[in-house]
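Below is one structure; the comments refer to it alone.
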Number of protein chains: 2
Amino acid sequence: MYNKELLKGTLTTIVLKLLAKEGKMYGYELAQKVKEMSDEKILLKDGSLYPALHKLTKDGLLQFEEQYIGKRVRKYYYLTPAGTEREQVESEQLKAFMSTLKNMLFPDFNFQLQ
Amino acid sequence: MYNKELLKGTLTTIVLKLLAKEGKMYGYELAQKVKEMSDEKILLKDGSLYPALHKLTKDGLLQFEEQYIGKRVRKYYYLTPAGTEREQVESEQLKAFMSTLKNMLFPDFNFQLQ
DNA sequence: ATCAATACATTGTATTTCTATGTATTTACA
DNA sequence: TGTAAATACATAGAAATACAATGTATTGAT
């Protein structure tokens, strides 16, 4: 894991973006997906993820439906229309910020296309 | 200016990196340089920058020397050896984090080489 | 049977940057 | 010459965020 502070400000964008891509996901699944996609470098903690999901829900950007797998509950979260709009805005902002940072700090570095 | 939260975790890296590039700078100069290099998109506030400089100094990563321009004082900050080391570490961390984010969220986007 | 993994949750803490406010000097220009 | 804008520093308090620690409970593997 990197310097923890770096994640600040990007967590909700990551969540919104993944839900936009994948349709619906539950918390644990989201954390696993981020872990996998980041090559184990971004490890979302429960204490970050669940409060973030609750806040996004409270703000009307997410909804969820419960599914029971035996006795265990899963809350599948998905974007509301407002969430879809927000996802686009935040993605653009983050992309622009990253472009700016790259040009300021790493003008010669070539971020790999994988 | 972007979402304010995005800057979190990157401010000290920006300061260290610019000082590594430029040798020595004073606070106001740093803020202007960031404003210029970011095309007016990153506007460091006094309330962010000066406390950050004080903290980096307290932590032994920066030193400063005062210069008087008439009666007005300027504090020229520069990296200590520890600061130089830290700059390298933080730059690498930030670069790696940005690579990861890019691959996760914007795999098809081509961050321009300018 | 037991341990690891799955799946949810909350409280309190630490850190960070910003807002607001302040002092004072220098420069531009009307 | 007077005034506004820019220069240059500073601090106190507020707001936001992610984390650490802790908790409950179920399921799957051995």
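Every chain is numbered from 1 and lettered A, B, ... according to where its sequence line falls, protein lines coming before strand lines. Values reported hereafter were calculated over all heavy atoms of this structure, with side chains retained and with hydrogens, waters and symmetry mates removed.
- Checked against A:Thr12 for a side chain to side chain donor-acceptor pair (under 3.5 Å), the options A:Lys17, A:Glu90, A:Lys55 give a single hit: A:Glu90.
- With hydrogens and angles left out, the side chain of A:Lys71 and the base of D:dT27 share no donor-acceptor pair within 3.5 Å.
- If you measure from atom NZ of A:Lys45 to atom P of C:dA9, you get 19 Å, rounded to the nearest angstrom.
- Residue B:Arg74 has its side chain nearest to D:dA8 when only C:dC8, D:dC9, D:dA8 are considered.
- Rounded to whole Å, atom C1' of D:dT27 lies 17 Å from atom CD of A:Glu29.
- A salt bridge is defined here as a Lys NZ or Arg NE, NH1 or NH2 lying under 4.0 Å from an Asp or Glu carboxylate O, and A:Glu65 with A:Lys24 meets this definition.
- In this structure, the CG atom of A:Leu11 is 20 Å from the P atom of C:dT15, given to the nearest Å.
- Spacing between atom CG of A:Leu6 and atom P of C:dT15 amounts to 16 Å, rounded to whole angstrom units.
- For D:dC9, neither phosphate oxygen OP1 nor OP2 lies less than 4.0 angstrom from any side-chain nitrogen or oxygen of B:Lys75.
- Scored by the salt bridge (Lys or Arg N to Asp or Glu O under 4.0 Å) test, B:Arg74 finds no partners at all (sequence neighbours excluded).
- Listed by chain and residue number, nothing satisfies the ring pair (Phe, Tyr, Trp, His ring centres under 6.0 Å) test with B:Tyr28 (two or more places apart in sequence, or in another chain).
- Of all nucleotides listed (C:dT17, D:dT7, D:dA10), D:dA10 comes nearest to the side chain of B:Asp46.
- Counting side-chain heavy-atom gaps under 4.5 Å among Ile, Leu, Val, Met, Phe, Trp and Tyr, the cluster of A:Val73 also holds A:Tyr68.
- Taking atom CD1 of A:Ile42 as the reference point, atom C1' of D:dT17 lies 16 Å away to the nearest angstrom.
- Counting to the nearest Å, the C1' atom of C:dA4 and the CD atom of A:Gln32 are 13 Å from each other.
- For the ring pair (Phe, Tyr, Trp, His ring centres under 6.0 Å) test, residues two or more places apart in sequence or in another chain that qualify with A:Tyr76 are A:Tyr26.
- Remark on DNA chain C: of its neighbouring residues A:Ile69 and A:Gly47, the 5'-side contact belongs to A:Ile69, judged by nearest-heavy-atom nucleotide.
- Applying the side-chain hydrogen bond (donor to acceptor under 3.5 Å, both in side chains) rule to A:Ser91 yields the partners A:Glu87; only residues at least two apart in sequence or on another chain are considered.
- Nearest to the side chain of A:Tyr28, among D:dA10, C:dT6, D:dT7, sits C:dT6.
- Close to C:dC8, at under 4.0 Å from its OP1 or OP2, lies no side-chain N or O of A:Tyr26.
- As rounded to whole Å, 14 Å separates atom P of D:dA25 from atom OH of A:Tyr68.
- Contact check of residues 49-64 of chain B against DNA chain D (heavy atom, cut-off under 4.0 Å) returns B:Tyr50, B:Pro51, B:His54.
- Here the P atom of nucleotide D:dT7 and the CG atom of B:Leu44 are 15 Å apart, to the nearest Å.
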